[in-house]
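Notes for the one structure printed next.
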Amino acid sequence: MKAGSNDFYQKVYEVVAQIPEGKVTSYGAISRYLGVASGARMVGYALNNYLAADLGYHVPAHRVVNRLGQLTGRAYFGDDTMRERLEQEGVSFTEPYTVDMSRHFWDPATLTEV
DNA sequence: TCAGTGACCTGAA
DNA sequence: ATTCAGGCCACTG
């Protein structure tokens with residue numbers, strides 16, 4: 001494990017942990033909020049690492065979807081685990097594995113406004 | 001060390 | 001409007 005990048009990972013976990021229930025955000029939004037506009041892929045990588053590392057505190061990684069609202073990480077969560085969790089929080093889907101972004105999209109920048 | 005891969009995004013044809 | 005290609009940074013083999 002490398003130092004430095006770990007901080008980025010931690011930041012990602014922090015932001016994701018701040019996502020309200022029934023809301024979702026995109027990798028690009030998080031990466032831009034962290035200052036790394038082109039690091040969208042790294043966000044997903046961080047979450048993947050989280051699932052493998054299991055930090056200890058709860059990180060709603062299932063609330064993080066791509067810009068299209070597709071549950072791209074469902075395969076890593078376990079097929080329907082991600083979808084069921086979102087449904088449990090009151091998130092609606094336009095498609096079996098696509099979240100209604102126009103209704104449940106949440107931008108990390110909201111943290112500063114709050 | 002070099003090369004390939006990835007839970008993505010943006011721009012151009 | 002849709003489809004294709006490129007780029008981005010970090011990690012693994």
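Side-chain atoms are counted along with the backbone in the values below, which use heavy atoms only and exclude waters and symmetry mates. Quick caveat, the model's predicted, so the values are computed rather than measured. Sequence lines set the chain letters: A, B, ... in the order given, protein chains first and strands last, and positions in each chain run from 1.
Between the CG atom of A:Leu47 and the C1' atom of C:dC9 there is a distance of 15 Å, rounded to whole Å. The separation between A:Met42 atom CE and B:dG6 atom P is 12 Å, rounded to whole Å. A straight line from CZ of A:Phe8 to P of C:dC11 spans 10 Å, rounded to a whole angstrom. To the nearest angstrom, C1' of C:dT12 lies 12 Å from CG of A:Asn49. Note: OH (A:Tyr9) to C1' (B:dG6) measures 11 Å, nearest angstrom.
Using a distance-only test at 3.5 Å, with no hydrogens or angles considered, no donor-acceptor pair links the side chain of A:Asp107 to the main chain of A:Thr110. Using a distance-only test at 3.5 Å, with no hydrogens or angles considered, a donor-acceptor pair links the side chain of A:Thr25 to the main chain of A:Trp106.
Within 4.0 Å of A:Ala46, counting heavy atoms only, lies no atom of the nucleic acid at all.
Distance check: A:Ser26 OG to A:Leu68 CG gives 9.5 Å after rounding to the nearest 0.5 Å. Rounding to the nearest 0.5 Å places OG1 of A:Thr72 at 10.5 Å from CZ of A:Phe77.
Between A:Tyr50 and A:Tyr13, the angle of the ring planes lies from 30° to 60°, which puts this pair in the tilted group.
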Short heteroatom pairs, N/O only, protein and nucleotides 8-13 of chain B, under 3.5 Å:
from  : atom 1 : to      : atom 2 : distance (Å)
B:dC8 : N4     : A:Arg41 : NH1    : 3.2
B:dC8 : N4     : A:Arg41 : NH2    : 3.1
B:dC9 : OP1    : A:Arg67 : N      : 3.0
B:dC9 : OP2    : A:Arg67 : N      : 3.1

**Prompt:** Checking side chain to side chain contact (heavy atoms under 4.5 Å, CB included) for the pair A:Arg85/A:Arg63: CA distance, chi angles, key distance, verdict?
**Reply:** CA-CA 9 Å; A:Arg85 272 198 168 185; A:Arg63 294 179 192 157; over 6 Å; no
**Complete:** Here DNA chain B, pairs taken as Watson-Crick or G-U under 3.5 Å and shown with ( ), [ ] when crossing and | when to another strand, reads .|||||.||||||
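Under the rule for a side chain to side chain donor-acceptor pair (under 3.5 Å), the partners of A:Ser92 that lie at least two apart in sequence or sit in another chain are A:His104.
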